[in-house]
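First comes the structure, then the notes that go with it.
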Amino acid sequence: MNKIERQFFDDREAMFDSLADRLAARLGEGLAANGRAGLVVPGGSTPGPLFQRLSKKELDWSKVTIVPSDERWVSPDDPASNEKLLRETLLIDKAADARLIGLWNDTPTPAAGETVTARALAEMPDPMDVVLLGMGADGHTASLFPGADNLLQAVAGSGGKPCCAIQAPGAAQPRITLTGPVLLKSKEVILLITGDEKRRVLGQALQEGPFEDMPVRAVLHQHVTPVTIYWAH
Ligand code: 6PG
């Protein structure tokens, strides 16, 4: 299994401070080395305080590309939109000039929209500087959900697709997700989780087992990209 760095905290505020500093440092290194930098970020309820801190960091944000790890197939003015979340919580303050490559477009379904999204993703820095991921209590990450209709294609990136339409059982909206190879095409992957339940789920995911049961295993049990886990109570 990949050697995984653990950054565990008793206090969430301290964790968010530490992670914001680390992301700013990594983006600064990317800008210094390549003149550009890239960051993949999750949606969901956890990263808000992190985005707030990161948006205040002094960087040449106009040369930073932000990409959501996944998206619900709703317009960017829909409350469920990850793009909306990012425009309201990360692309503000000093980070207002960052470039966001959104995954949604106005084709009727994510399957129909994949080609358009893939064209937009061709602009992603390769590799990204950091891929930041969340995890659900069912062991999903990005929109790689257990039991999802296209899970195998999405994890494998079948046909070299950078993104894949996916429908998770019980998910309110159809989704599009970055594929496994794209999520790992980064100098590092950081998994951001909080709470005792997710710590328990993480312990299960760190055990060997089918990634179909816990798709976050596709990130944890690989030897391509270094993985760090940030966790706090
Ligand atoms: C999304 C995210 C998803 C999220 C997990 C954890 O679009 O919802 O990309 O993968 O990171 O579901 O969500 P919470 O942070 O709300 O627990």
Side-chain angles (χ1 to χ4, degrees), residues 9 12-13 15-16 19-20 23 39-54 66-91 100-104 110 113 117 121 124 128 130-151 154-155 162-180 182-184 186 189-202 204-205 211 213-220 227-233:
F9 297 76
R12 284 190 195 187
E13 298 308 301
M15 177 190 69
F16 286 127
L19 183 50
L23 293 179
L39 172 64
V40 169
V41 289
S45 61
T46 302
L50 171 70
F51 293 159
Q52 192 186 34
R53 287 163 168 82
L54 196 51
I66 305 288
V67 184
S69 59
D70 57 320
E71 184 58 278
R72 301 84 182 276
W73 203 255
V74 295
S75 70
D77 57 7
D78 186 299
S81 166
N82 283 340
E83 181 173 339
K84 176 178 171 60
L85 171 78
L86 294 175
R87 291 194 185 283
E88 291 175 351
T89 61
L90 180 52
L91 279 76
L100 175 69
I101 299 180
L103 304 185
W104 177 87
T117 302
L121 291 172
M124 283 173 79
M128 296 293 270
V130 182
V131 166
L132 179 70
L133 295 172
M135 184 189 76
D138 60 357
H140 82 262
T141 192
S143 281
L144 304 173
F145 286 87
D149 59 353
N150 287 339
L151 178 62
V155 170
C163 57
C164 188
I166 196 160
Q167 178 65 56
Q173 306 93 2
R175 296 188 173 207
I176 192 163
T177 186
L178 296 184
T179 57
V182 172
L183 292 174
L184 295 177
S186 178
V189 170
I190 297 177
L191 187 67
L192 169 61
I193 55 175
T194 57
D196 293 336
E197 185 192 15
K198 286 192 181 181
R199 174 108 183 240
R200 185 184 57 74
V201 172
L202 172 68
Q204 284 179 314
F211 72 79
D213 296 349
M214 303 185 86
V216 72
R217 283 181 172 142
V219 171
L220 296 173
V227 174
T228 299
I229 299 168
Y230 270 74
W231 174 85
H233 271 292

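In each ligand, atom 1 is the first atom listed, and ligand 1 is the first ligand listed. In what follows, residues are counted from 1 in the order of the sequence shown. Just so it is clear, the model here is predicted, and its values are computed rather than measured.
The two residues Ser69 and Leu133 make their nearest non-hydrogen contact at CB-CD2, 3.8 Å. Across all their heavy atoms, Thr46 and Phe16 have their closest contact at O-CZ, 3.5 Å.
Nearest protein heavy-atom contact of atom 13 (O) of ligand 1 is Gly44 CA, 3.9 Å. Protein heavy atom closest to atom 6 (C) of ligand 1, with residue, atom name and distance, is Met135 O, 3.5 Å.
At least one side-chain heavy atom of Leu103 sits under 4.5 Å from a side-chain heavy atom of Leu178. Side-chain contact between Ile166 and Asp149: present, with at least one pair of heavy atoms (C-beta onward) separated by less than 4.5 Å. The shortest side-chain heavy-atom distance between Leu121 and Val182 does not fall under the 4.5 Å cut-off. Within the 4.5 Å cutoff, the side chain of Leu191 has no heavy atoms near those of the Val219 side chain. Using a 4.5 Å heavy-atom threshold, the side chains of Leu220 and Leu202 count as touching. Annotation: side chain of Phe211 is not in contact with side chain of Leu144 (no heavy-atom distance under 4.5 Å).
By the 3.5 Å distance cut-off applied to N or O atoms, Asn82 is counted among the residues near ligand 1. Backbone and side-chain nitrogen or oxygen atoms of Gly43 are examined, and one is located within less than 3.5 angstrom of a nitrogen or oxygen of ligand 1. Of the N or O atoms in Thr141, none lie within a sub-3.5 Å distance of an N or O in ligand 1. Considering backbone and side-chain atoms alike, Ala142 places an N or O below 3.5 Å from some N or O of ligand 1.
Annotation for ligand 1: atoms under 4.0 Å from non-hydrogen atoms of Thr46 are 14 (P), 15 (O), 17 (O). Residue Asp70 has at least one heavy-atom neighbour below 4.0 Å for each of these atoms of ligand 1: 1 (C), 2 (C), 7 (O), 9 (O). Taking every non-hydrogen atom of Arg175 and a distance limit under 4.0 Å, the qualifying atoms of ligand 1 come out as 1 (C), 7 (O), 8 (O). Under a 4.0 Å criterion applied to the non-hydrogen atoms of Lys198, ligand 1 contributes the atoms 6 (C), 14 (P), 15 (O), 17 (O). Taking every heavy atom of Ser69 and a limit of under 4.0 angstrom, the matching atoms of ligand 1 come to 9 (O). Remark: ligand 1 atoms within the under-4.0 Å shell around heavy atoms of Gly134 are 11 (O).
Atom 8 (O) of ligand 1 has its nearest heavy-atom neighbour, among Glu197, Arg72, Glu71, His140, in Arg72.
Going from atom CD of Gln167 over to atom CD1 of Ile176 covers 13.0 Å, rounded to the nearest 0.5 Å.
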